[in-house]
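These values consider heavy atoms only, across backbone and side chains, with no hydrogens, waters or symmetry-generated copies. In this chain, residues are counted from 1 in sequence order.
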Amino acid sequence: MARDTVSVDQIVNDFMLTLDGDDYANNANGMLVRNYALRGIREMSFDIQKRIKSLKLAVNAVNDTVELPDDFVDYTKIGIVGGDGLIYVFGENKNLAAPLKYNTDAAGNSIDSDSDGVFDRVDAKTDGASTLYGGNIGRAYGAGGGNYSGEFRVNFEQNRIELSSSSGYSEIVIEYIADEARSSNPSIHIYAENALRSYMYFRLIERKANVPMGEKARARQEYYNERRLANARLKSFTKEEALKTIRKNFKQSPKG
C-alpha cells in the first residue's frame, strides 16, 4: 500500500507531542490545532495539490438535472463515457434555460390544477421567467453551437447541474476538484507535511499579543518557504517528461 499521504489526525497528534514548555504555541487547544490543520489542507489543496475526483452520477429524468457532490468545489470535465471508453465532454452554456419544474403556488407548494393526482409541470424554457424573444421564435446570442455531445450549466444556488432537455442521457461522468477538508479522513501528501505544520504554527501565534513581531514574521516566512518547496516537489518536471514533450513536438505528420 502506498504511503504517500499523511492523515490530519496523525499530523495534529505529532504537532501536539512536539510542543515544548517554552513554545509560543504550547497552550494551544487540540480542537483549535485541528481546525487550523483543516484550513491549511483546504488552502494548499486548491493551489499546490488539487484533488481530482471522478464520479458517474445518475440524471434525474424528471427535470434533466444532476445533484452536485457534497465536496464539490469546481468542475474540470463533464460528459459521458462512449463505447470506446473515452469521455465525450459537454459544453457549458450559461444561456441554457432552466429545465422542467413544477408549477407552484405563493407558498411554494406544487399545484395539481386538474385534480388527477399528478402535480402539473411547466416548461421553464417557455414560461415568463426564462422565455427567449417570442417564446420559441428567435434565439439568444451565444447559445448552442460547438462540437459537443451535449450542453450544461452549473446552478450553484440549487446545488445541481442542469442539462439541455435534448440530451437524453441517463447518467453522466463528472471530474471535479474536491474539498479534501470535507472528506471522512482528510490527508495531505507527505511532500507538503512540513508546509502544513508551519502553517498551523504560524496561524496559532499570529494573533497572540505576547508573541514578538519578529517571531511572527519568521513563522510566516518559514511557512511560505515550505510551501514553495512542497510545490516544487509535487510539480517537478522529470527528464522522461521532457523527452516525451520533445518527441511529441517534433513528430512528423503523415503524408497524404
Determine whether the side chains of [X] and [Y] contain a donor N or O and an acceptor N or O closer than 3.5 Å.
| X | Y | answer |
| --- | --- | --- |
| Ser7 | Asp9 | no |
| Arg228 | Asn225 | yes |
| Glu206 | Tyr36 | no |

Interatomic spacing from [atom1] in [X] to [atom2] in [Y] - rounded to 0.5 Å:
| X | Y | atom1 | atom2 | value |
| --- | --- | --- | --- | --- |
| Lys56 | Ile80 | NZ | CD1 | 10.5 Å |
| Leu38 | Ile11 | CG | CD1 | 10.0 Å |
| Ser54 | Ile52 | OG | CD1 | 10.0 Å |

Is there a side-chain contact between [X] and [Y] (heavy atoms, below 4.5 Å)?
| X | Y | result |
| --- | --- | --- |
| Ile188 | Thr5 | no |
| Ile177 | Thr76 | yes |
| Glu43 | Arg227 | yes |
| Met44 | Leu196 | yes |

Identify the heavy atoms of [X] and [Y] that sit nearest to each other, and give their distance.
| X | Y | result |
| --- | --- | --- |
| Leu19 | Ala25 | CD1-O, 3.3 Å |
| Gly30 | Val12 | O-CG1, 4.4 Å |
| Glu180 | Pro186 | OE2-CA, 3.4 Å |
| Ile205 | Lys216 | O-CE, 3.3 Å |
| Phe15 | Thr18 | O-OG1, 3.0 Å |
| Ala28 | Val33 | CB-CG2, 3.8 Å |

Inspect the contact between [Y] and [X] and indicate whether a charged nitrogen and a carboxylate oxygen are less than 4.0 angstrom apart.
| X | Y | result |
| --- | --- | --- |
| Asp14 | Arg197 | yes |
| Arg153 | Glu162 | yes |
| Asp70 | Arg182 | no |
| Asp71 | Arg51 | no |
| Glu222 | Arg220 | no |

* Asked: Between Val89 and Ile78, does a side chain to side chain contact (heavy atoms under 4.5 Å, CB included) hold up when you go through it step by step?
  -> CA-CA 6 Å; Val89 298; Ile78 296 176; over 6 Å; no
* **side chain to side chain contact (heavy atoms under 4.5 Å, CB included) between Glu215 and Tyr24, intermediate numbers included** => CA-CA 9 Å; Glu215 175 62 14; Tyr24 288 115; 3.6 Å; yes
* Structure fact -> In short, ring-ring contact (aromatic ring centres under 6.0 Å, His included) pairs touching residues 202-223 with sequence neighbours left out are Tyr199-Tyr223
* Which one of Val81, Val59, Leu55, Ile87 satisfies the side chain to side chain contact (heavy atoms under 4.5 Å, CB included) criterion with Ile172? ->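 Of Val81, Val59, Leu55, Ile87, side chain to side chain contact (heavy atoms under 4.5 Å, CB included) with Ile172 is met by Val59 alone.
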* To do: Output, in order, the C-alpha distance, side-chain angles, deciding distance and verdict of ring pair (Phe, Tyr, Trp, His ring centres under 6.0 Å) for Tyr176 and Tyr75.
  => CA-CA 4 Å; Tyr176 66 98; Tyr75 74 90; over 10 Å; no
* Asked: When you look at Asn155 and Ile161, which way does the side chain to side chain contact (heavy atoms under 4.5 Å, CB included) test go after all the steps?
  -> CA-CA 6 Å; Asn155 188 334; Ile161 301 169; over 6 Å; no
* Check: Glu151 main-chain N/O paired with Glu92 side-chain donor or acceptor under 3.5 Å -> no
* Asked: Is atom CG of Asn27 surrounded by more than 12 heavy atoms (other residues, nucleotides or ligands) closer than 6.0 Å?
  -> yes
* To do: Please assess Val173 against Lys77 for the test side chain to side chain contact (heavy atoms under 4.5 Å, CB included), listing each intermediate value before the final yes or no.
  => CA-CA 8 Å; Val173 172; Lys77 188 182 298 181; over 6 Å; no
